[in-house]
Amino acid sequence: MKKGFTLAEVLITLGIIGVVAAITIPSLIQNNQKRVIEAKLKEDYSILQQVMKYAEYNDLSLEGSFPDNDAGVRSWYETYLKNNIKVNQVCFDKAGCWHSKNPTRDLAGQDVAFNRTGVGVGINILNLRLNNGSNINIDGYGQSSIWLYFGVKITSESTVVAFIDANGDSGPNIVGKDIQIIVFTNKGLLPAGYDKSIEEINKNCSKKATEANAGYFCMSKIKNSGWEIPNDVWKIKV
C-alpha cells in the first residue's frame, strides 16, 4: 500500500508556507527597493558631478546665487544645465516634476521647510525629471542657511542646493531615505552634512533626530559607507 500525505497535512504545510511567505516577501521587496535607490542615488550624484565638470570646462561656476524669479531661473537652466544633462522633463516652479501624492517629509515625520506638495521644495525652483526616473529639485540658499540646515561651510554669500529623489514619484518621499541632499561649492559637489562631526551626522541621520532638518545629513553617511542607506534608517517608520 502506497503512503501519501493526508489532506490535513497538505493544508498545514501550505499554511506554513503562506505564513513564511507573508513574513519574508515584504522584507525582500523592501530590501530590493533600498538597493535600487542606492544605485540610482550613486548614478545621480555622478551625473551632477559631470555637470559641474562641464561648467568648469566652459569657465562657468555653478556655485553662487540662484535666481529668485522665473526669467532668471530659465536663464540659469539654459546657461548651466540645458546642454549638459539629459532630462525627460523640466519644470520651472510648477507641478509635474516632483511627487504629488504627499508632502516631502524629514525623518522626524515633519514637512520639510519650504515644502510645496506636488511642486517641490523652495520658492522659484527648478525641477528636473531625469531619463533614469529620478527627480531633482534645485534652489538657492544663503550662507547661514547652508550651514544651519545643510551642514556645509561655503565662502560665497549663497549657493545652489539639490534635493535628489532617487526613485521619482514612488514613496516613501522622505529626506534621509529616498531623498538626499547635495550642495554645490567651490570644493566641488558635497553631501549635506559634509562639515559636521561624525557624531552630529549620526544623530541627524537616525530615529533620534527631532530637529527641523532631521535626516538632511544622511547623504554624508551614505556616501561614506559605500553608497549604502543604513538599515536602521531605512526601517524608520515615518
Side-chain angles (χ1 to χ4, degrees), residues 26-46 48-49 63 99 102-115 121-122 134-139 141-155 159-167 170-238:
S27 178
L28 291 174
I29 293 173
Q30 284 286 314
N31 288 336
N32 181 66
Q33 182 187 24
K34 176 174 172 287
R35 287 194 294 271
V36 169
I37 288 172
E38 290 166 344
K40 292 277 283 295
L41 183 62
K42 184 178 180 180
E43 179 183 0
D44 295 339
Y45 189 85
S46 177
L48 292 176
Q49 274 190 320
E63 184 193 20
H99 59 267
N102 49 265
T104 302
R105 293 175 293 166
D106 62 22
L107 282 185
Q110 312 162 117
D111 289 5
V112 300
F114 307 113
N115 168 71
V121 180
S134 297
N135 294 338
I136 309 292
N137 181 112
I138 297 173
D139 198 8
Y141 291 83
Q143 188 180 74
S144 59
S145 294
I146 293 294
W147 172 245
L148 180 65
Y149 287 102
F150 307 112
V152 175
K153 293 178 180 178
I154 61 172
T155 55
T159 194
V160 178
V161 172
F163 284 68
I164 303 173
D165 190 342
N167 63 343
S170 301
N173 301 320
I174 304 295
V175 175
K177 291 191 172 188
D178 57 326
I179 300 176
Q180 301 296 336
I181 304 171
I182 57 174
V183 181
F184 293 84
T185 78
N186 59 4
K187 299 180 197 175
L189 199 61
L190 300 180
Y194 180 84
D195 289 309
K196 292 292 185 176
S197 67
I198 297 298
E199 291 75 16
E200 289 173 309
I201 292 172
N202 288 339
K203 181 179 182 299
N204 177 273
C205 188
S206 74
K207 62 182 179 180
K208 296 179 181 179
T210 57
E211 55 271 30
N213 66 337
Y216 278 36
F217 301 166
C218 284
M219 184 61 173
S220 281
K221 193 168 185 177
I222 292 168
K223 188 171 181 293
N224 291 337
S225 61
W227 296 100
E228 291 186 9
I229 300 172
N231 287 325
D232 57 333
V233 173
W234 183 250
K235 293 177 181 178
I236 293 174
K237 301 295 184 182
V238 177

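Of the possible polar contacts, none joining the Gln110 side chain to the Ala214 backbone as a donor-acceptor pair under 3.5 Å is found. In this structure a side-chain-to-backbone donor-acceptor pair under 3.5 Å is missing from Glu38 to Gly226. Of the possible polar contacts, none joining the Asp139 side chain to the Gly122 backbone as a donor-acceptor pair under 3.5 Å is found. Although no hydrogens or angles enter the test, the distance criterion places a donor-acceptor pair under 3.5 Å between the side chain of Asn204 and the main chain of Asn213. No donor-acceptor pair closer than 3.5 Å links the side chain of Asp111 to the backbone N or O of Pro103. A donor-acceptor pair under 3.5 Å is formed between the side chain of Thr159 and the backbone N or O of Phe184. At least one donor-acceptor pair closer than 3.5 Å links the side chain of Lys40 to the backbone N or O of Ala166.
Side-chain contact check for Lys34 versus Asn231: some heavy-atom pair is nearer than 4.5 Å. Looking at His99 and Ile179, their side chains come closer than 4.5 Å, going by heavy atoms from C-beta outward. The shortest distance between side-chain heavy atoms of Asp165 and Asp178 falls below 4.5 Å. In this structure, Leu107 and Val233 have side chains that are in contact, with non-hydrogen atoms separated by less than 4.5 Å. Between Ser220 and Lys196, every side-chain heavy-atom pair lies at or beyond the 4.5 Å cut-off. Annotation: side chain of Ile181 is not in contact with side chain of Tyr149 (no heavy-atom distance under 4.5 Å). Lys177 is not listed as a side-chain neighbour of Ile37, based on a closest heavy-atom distance of 4.5 Å or more. You'll find the side chain of Asn173 stays beyond 4.5 Å of the side chain of Thr104, heavy atoms only.
Note on ring orientation: taking the six-membered ring where Trp is involved, the planes of Phe150 and Tyr216 are parallel (angle under 30°, cut-offs 30° and 60°).
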Q) Can you list the steps and then say if Lys203 with Glu199 is a salt bridge (Lys or Arg N to Asp or Glu O under 4.0 Å)? A) CA-CA 6 Å; Lys203 181 179 182 299; Glu199 291 75 16; over 6 Å; no

Q: Kindly indicate, with the supporting measurements, whether the criterion side-chain contact (heavy atoms from CB on, under 4.5 Å) is fulfilled by Ile146 and Val161.
A: CA-CA 8 Å; Ile146 293 294; Val161 172; 3.4 Å; yes

Q.
Is there a side-chain contact (heavy atoms from CB on, under 4.5 Å) between Ile164 and Leu48? Walk through the geometry before answering.
A. CA-CA 10 Å; Ile164 303 173; Leu48 292 176; 4.0 Å; yes

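Arg105 and Pro172 get closest at one heavy-atom pair: NH2-O, 4.2 Å. The two residues Ile201 and Gly193 come nearest to each other via the heavy atoms CD1-O, 3.4 Å.
Remark: Tyr141 OH is packed, more than 12 non-hydrogen atoms of other residues, nucleotides or ligands lying under 6.0 Å away. Annotation for Tyr45: atom OH counts as buried by contact number, over 12 foreign heavy atoms lying within 6.0 Å.
The CD atom of Glu200 sits 10.5 Å away from the CG atom of Asp195 when rounded to the nearest 0.5 Å. A distance of 9.5 Å separates CD1 in Ile154 from OG in Ser145, rounded to the nearest 0.5 Å. The distance from the CG atom of Leu41 to the CE atom of Met219 is 4.5 Å, given to the nearest 0.5 Å. Lys221 contributes atom NZ, which lies 7.0 Å from atom OG of Ser206 (distance to the nearest 0.5 angstrom). Summarising the geometry, atom CH2 belonging to Trp227 is positioned 8.0 Å from atom CD1 belonging to Ile222; distances are rounded to the nearest 0.5 Å.
Using modelled atom types and a 3.5 Å distance limit, the side chains of Ser225 and Glu228 yield no donor-acceptor pair.
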